[in-house]
Amino acid sequence: QLQLVESGGGLVQPEGSLRLSCAASGFTLDRYAVGWFRQAPGKEREGVSCINSAGSTNYADSVKGRFTISRDNAKNTVYLQMNSLKPEDTALYYCSRRTGSNCYFPTDVGSWGQGTQVTVSS
């Protein structure tokens with residue numbers, strides 16, 4: 001059974017750091033692009049970053065230079081390193097796989113995890 005489980009969220013002060021993990025089971029993650037998304041209260045879900053099967057990455061303008069996406073295929077896991085966090089980064093963070101190896105493939109709607117909460121506050 002395909003499953004993605006996010007972890008690593010928490011409460012952090014502004015300018016702090018967190019590393020989120022997206023652990024996959026039921027399939028081999030290295031064949032797919034994987035994206036991180038977030039949804040803040042009262043706002044639509046937005047794309048944060050994506051990494052394709054070859055390791056190429058892209059980022060939303062709001063997180064460029066602060067967030068880094070990476071993958072460890074041996075652990076079947078994708079990470080999101082978040083530095084210099086801001087209060088506006090507060091959201092529920094999700095990962096999902098694309099239907100193919102590149103980030104231009106659509107999101108596999110059956111792959112959403114439960115999310116991990118990130119709260120940035122002093």
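Positions are given from 1, in the same order as the sequence printed here. Side-chain atoms are counted along with the backbone in the values below, which use heavy atoms only and exclude waters and symmetry mates. Note that the coordinates shown come from a computational prediction; the quantities given were computed from them, not determined experimentally.
Taking Arg98 as the reference, nothing meets the side-chain hydrogen bond (donor to acceptor under 3.5 Å, both in side chains) condition, with sequence neighbours excluded. Gln81 is linked by a side-chain hydrogen bond (donor to acceptor under 3.5 Å, both in side chains) to Asn83, counting only residues two or more places apart in sequence or in another chain. Contacts of Arg66 classified as salt bridge (charged side-chain N to carboxylate O under 4.0 Å, His left out), with partners at least two apart in sequence or in another chain: Asp89. With sequence neighbours left out, the side chain to side chain contact (heavy atoms under 4.5 Å, CB included) criterion links Ser96 to Phe37, Thr107, Ser111, Trp112. Partners of Glu15 under the salt bridge (charged side-chain N to carboxylate O under 4.0 Å, His left out) rule, at least two apart in sequence or in another chain, do not exist in this structure. In terms of the side chain to side chain contact (heavy atoms under 4.5 Å, CB included) criterion, residue partners of Gln3 (sequence neighbours excluded) are, by chain and number, Val5, Ser25. Every residue two or more places apart in sequence or in another chain that forms a salt bridge (charged side-chain N to carboxylate O under 4.0 Å, His left out) with Asp108 is listed here: Arg97.
The salt bridge (Lys or Arg N to Asp or Glu O under 4.0 Å) analysis of residues 109-122, with sequence neighbours excluded, yields no pairs. For the side chain to side chain donor-acceptor pair (under 3.5 Å) condition, the pairs that include at least one residue of residues 41-58, sequence neighbours left out, are Arg38-Glu46, Asn52-Asn102. Sequence neighbours left out, the pairs with a member in residues 58-122 that pass disulfide bond (SG atoms under 2.5 Å apart) are Cys22-Cys95, Cys50-Cys103. Applying the salt bridge (Lys or Arg N to Asp or Glu O under 4.0 Å) test to residues at least two apart or on different chains, the pairs with a partner in residues 50-64 are Asp61-Lys64.
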CA sep, side-chain torsions, deciding dist, call: Leu11, Gln117, side chain to side chain contact (heavy atoms under 4.5 Å, CB included): CA-CA 8 Å; Leu11 173 63; Gln117 178 67 39; over 6 Å; no
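The other residues sharing a hydrophobic cluster with Leu20 are Leu2, Leu4, Val12, Leu18, Phe27, Leu29, Tyr32, Val34, Trp36, Val48, Ile51, Tyr59, Val63, Phe67, Ile69, Val78, Leu80, Met82, Leu85, Tyr93, Val118, Val120, where clustering joins ILVMFWY side chains under 4.5 Å apart.
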